[in-house]
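Sequence lines set the chain letters: A, B, ... in the order given, protein chains first and strands last, and positions in each chain run from 1. From a predicted model like this one, the values you see are computed outputs, not experimental measurements.
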Amino acid sequence: MPTREPAAETGTTDATAALSGAIVDWFAHAARPLPWRAADVSPWAVLVSEFMLQQTQVARVQPRWEEWIRRWPTPADLAAAPASDAVRAWDRLGYPRRALWLHRAATEIVERHGGEVPCDLDALSALQGIGPYTARAIAAFAFGERHPVVDTNTRRVIARAVGGVAEAGPPSTRRDLDAMSALLPPDRARARAFNAGAMELGATVCVARAPRCDDCPIADRCAWRAAGYPAYDGPRRARQARFAGSDREARGLVLRELRAAHRPVALEELARVVDDRLDRALEGLVADGLAVRVDGGYVLPDS
DNA sequence: GAGGCGTGGGG
DNA sequence: TCCCCAAGCCT
């Protein structure tokens with residue numbers, strides 16, 4: 001089924017044009033010089049950055065991204081490597097399934113697209129690990145296509161500046177894309193700068209906990225500020241389970257052993273590192289394809 | 001639509 | 001210390 005774009009509303013009212021224009025102008029001088037924003041980076045390099053940036057902060061991504069691009073400069077380079085290399089190079093970025101998905105996506109790009117990252121939204125969305133955000137981010141930032149790009153930062157900026165509320169509430173791809181479409185400048189280059197600028201504003205100024213409104217380029221147009229910063233009264237996000245003692249932690253500990261050992265790791269060895277969570281952790285890792293049971297213990301896939 | 005998935009920085 | 005939050009995606 002084709003990916004549906006929201007109705008082709010463009011920011012035509014004076015208020016929306018002024019808001020998006022202010023963000024575009026601010027981004028032109030305030031953008032951080034992130035390496036994947038350089039003019040000469042390939043669509044593949046942008047794609048790798050977007051995978052790594054899923055739920056992960058810029059500062060932690062940057063060194064890993066540099067290594068990956070140097071080591072695997074094209075999709076074919078990564079596809080030719082064993083998945084275990086990808087998982088090892090992912091190191092401790094978190095959510096290691098992403099390393100597997102990225103490796104799979106590289107293979108799919110080679111098989112279906114001749115080794116070239118597609119620019120089409122549907123083709124991108126069909127790749128492993130690419131959802132609504134990542135597909136539009138690649139189309140917009142790697143190819144300059146005019147699509148609304150909505151991440152958690154953008155959602156917060158719109159909620160505050162337009163909605164007049166402190167938090168965005170539960171995400172809804174349909175509604176979020178519609179809201180962004182209503183603000184998106186008609187011009188391709190400006191649309192791209194607005195997509196990136198709204199994210200940047202949310203990541204560096206309009207942050208979740210202590211927004212720096214004194215430095216905000218749209219403070220005088222912000223509905224939340226105008227309303228006197230009312231506290232959020234919508235549904236609270238479910239509290240994240242504590243990490244210490246969790247299955248997530250156990251999976252991480254197991255995977256750390258498998259990455260370090262270039263040989264099968266016996267169950268007894270793992271039991272020295274992980275407590276009674278070990279069985280569940282291994283079961284989950286095997287189900288996800290991050291661990292493989294072999295003679296003598298467990299290894300990373302394709303190693 | 002809810003739940004699960006890593007790891008680390010910052011208040 | 002503890003808790004919140006983070007360029008989401010998959011099942």
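- Within 6.0 Å of CZ on A:R104 lie no more than 12 heavy atoms contributed by other residues, nucleotides or ligands.
- A:L255 comes within contact range of no nucleotide atom at all, as no heavy-atom separation falls under 4.0 Å.
- Between B:dG6 and C:dT11, the distance separating the two P atoms is 14 Å to the nearest Å.
- Nucleic acid contact class of A:W90 (heavy atoms, under 4.0 Å, all strands): none.
- Residue whose closest nucleotide on DNA chain C sits further toward the 5' end, between A:G129 and A:S49: A:S49.
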Practice item. For side chain to side chain donor-acceptor pair (under 3.5 Å), just list the numbers for A:D178 and A:S181, CA-CA rounded to whole Å, side-chain angles, deciding distance to a tenth of an Å, and then say yes or no. Key: CA-CA 5 Å; A:D178 285 347; A:S181 292; 5.2 Å; no
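- The side chain of A:R239 approaches C:dC3 more closely than any other nucleotide in the set C:dA7, C:dA6, C:dC3.
- Of the N and O atoms on the side chains of A:N153 and A:R156, at least one donor lies less than 3.5 Å from an acceptor on the other residue.
- Proximity note for A:Q54 (side chain, C-beta onward) versus C:dA7, C:dC5, C:dC9: the nearest is C:dC9.
- Between the CZ atom of A:R277 and the P atom of B:dG4 there is a distance of 16 Å, given to the nearest Å.
- Rounded to whole Å, the separation between the C1' atoms of C:dC9 and B:dG1 comes to 14 Å.
- Closest approach to the A:R97 side chain among C:dA7, B:dG4, C:dC4 is made by B:dG4 (side chain taken as heavy atoms from C-beta onward).
- A:T154 pairs in a side-chain contact (heavy atoms from CB on, under 4.5 Å) with only one of the listed residues (A:I158, A:T152, A:V157), which is A:I158.
- When the C1' atom of B:dG4 is taken as reference, atom CZ of A:R251 falls 8 Å away, rounded to whole Å.
- Side-chain atoms of A:D122 and A:S125 include no donor-acceptor pair closer than 3.5 Å.
- Using a 4.0 Å heavy-atom criterion, one finds that A:P170 contacts no nucleic acid atom at all.
- Atom CZ in A:R98 sits about 13 Å away from atom P in C:dC10, given to the nearest Å.
- For C:dG8, its base never sits under 3.5 Å from the side chain of A:T152 at any donor and acceptor pair.
- Here A:R156 lies in heavy-atom contact (under 4.0 Å) with sugar-phosphate atoms only.
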Point to revise | A:R188 and A:E145: CA distance, side-chain angles, deciding distance, salt bridge (charged side-chain N to carboxylate O under 4.0 Å, His left out) verdict | key: CA-CA 7 Å; A:R188 271 169 65 105; A:E145 304 274 1; 3.8 Å; yes
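- As a whole-Å value, the separation of A:Y133 OH from C:dC9 P is 8 Å.
- As judged by a 4.0 angstrom heavy-atom cut-off over every strand, A:P132 is placed among residues touching the sugar-phosphate backbone only.
- We find that CG of A:L177 is positioned 14 Å from P of C:dG8, with the value rounded to whole Å.
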**Study point:** From CA spacing to verdict: side-chain contact (heavy atoms from CB on, under 4.5 Å), A:V117, A:F143
**Key:** CA-CA 10 Å; A:V117 176; A:F143 295 104; 4.1 Å; yes
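- Side chain of A:Q55, nearest nucleotide from C:dA7, C:dG8, B:dG8: C:dG8.
- Within the nucleic acid shown, A:L34 comes within 4.0 Å of at least one base atom, counting heavy atoms only.
- As rounded to whole Å, 14 Å separates atom C1' of C:dC9 from atom CD of A:E108.
- Here C:dC10 is the nucleotide among C:dG8, C:dC10, C:dA6 with the atom lying nearest to any side-chain atom of A:Q128.
- Between the C1' atoms of B:dG8 and C:dT1, the separation comes to 16 Å (whole Å).
- Along DNA chain C, the nucleotide closest to A:W101 and the one closest to A:V207 are compared, and the more 5′ of them pairs with A:V207.
- Mapping A:P96 and A:A238 onto DNA chain B via the closest heavy atom, the residue that lands nearer the 5' end is A:A238.
- In this structure, of C:dA7, C:dA6, B:dG6, it is C:dA6 that holds the atom nearest to the side chain of A:A208.
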Considering only nitrogen or oxygen atoms on both sides, find all protein atoms under 3.5 Å from nucleotides 9-11 of chain B and state each distance.
residue, atom, partner, partner atom, Å
B:dG10, N2, A:R209, NH2, 3.3

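- Atoms CZ (A:R236) and C1' (C:dC5) sit 12 Å apart, rounded to a whole Å.
- Nucleic acid contact class of A:G131 (heavy atoms, under 4.0 Å, all strands): sugar-phosphate only.
- Residues A:S246 and A:R242 fail the side-chain proximity criterion, which asks for heavy atoms closer than 4.5 Å.
- Tested against A:W36 for a side-chain contact (heavy atoms from CB on, under 4.5 Å), the candidates A:L47, A:V48, A:V58, A:I69 yield a single pass: A:V58.
- Close to C:dA7, at under 4.0 Å from its OP1 or OP2, lies no side-chain N or O of A:T154.
- Residue contacts for A:R64: at a heavy-atom cut-off of 4.0 Å it reaches no nucleic acid atom on any strand shown.
- Distance OH (A:Y95) to C1' (C:dC5): 10 Å, rounded to an integer number of Å.
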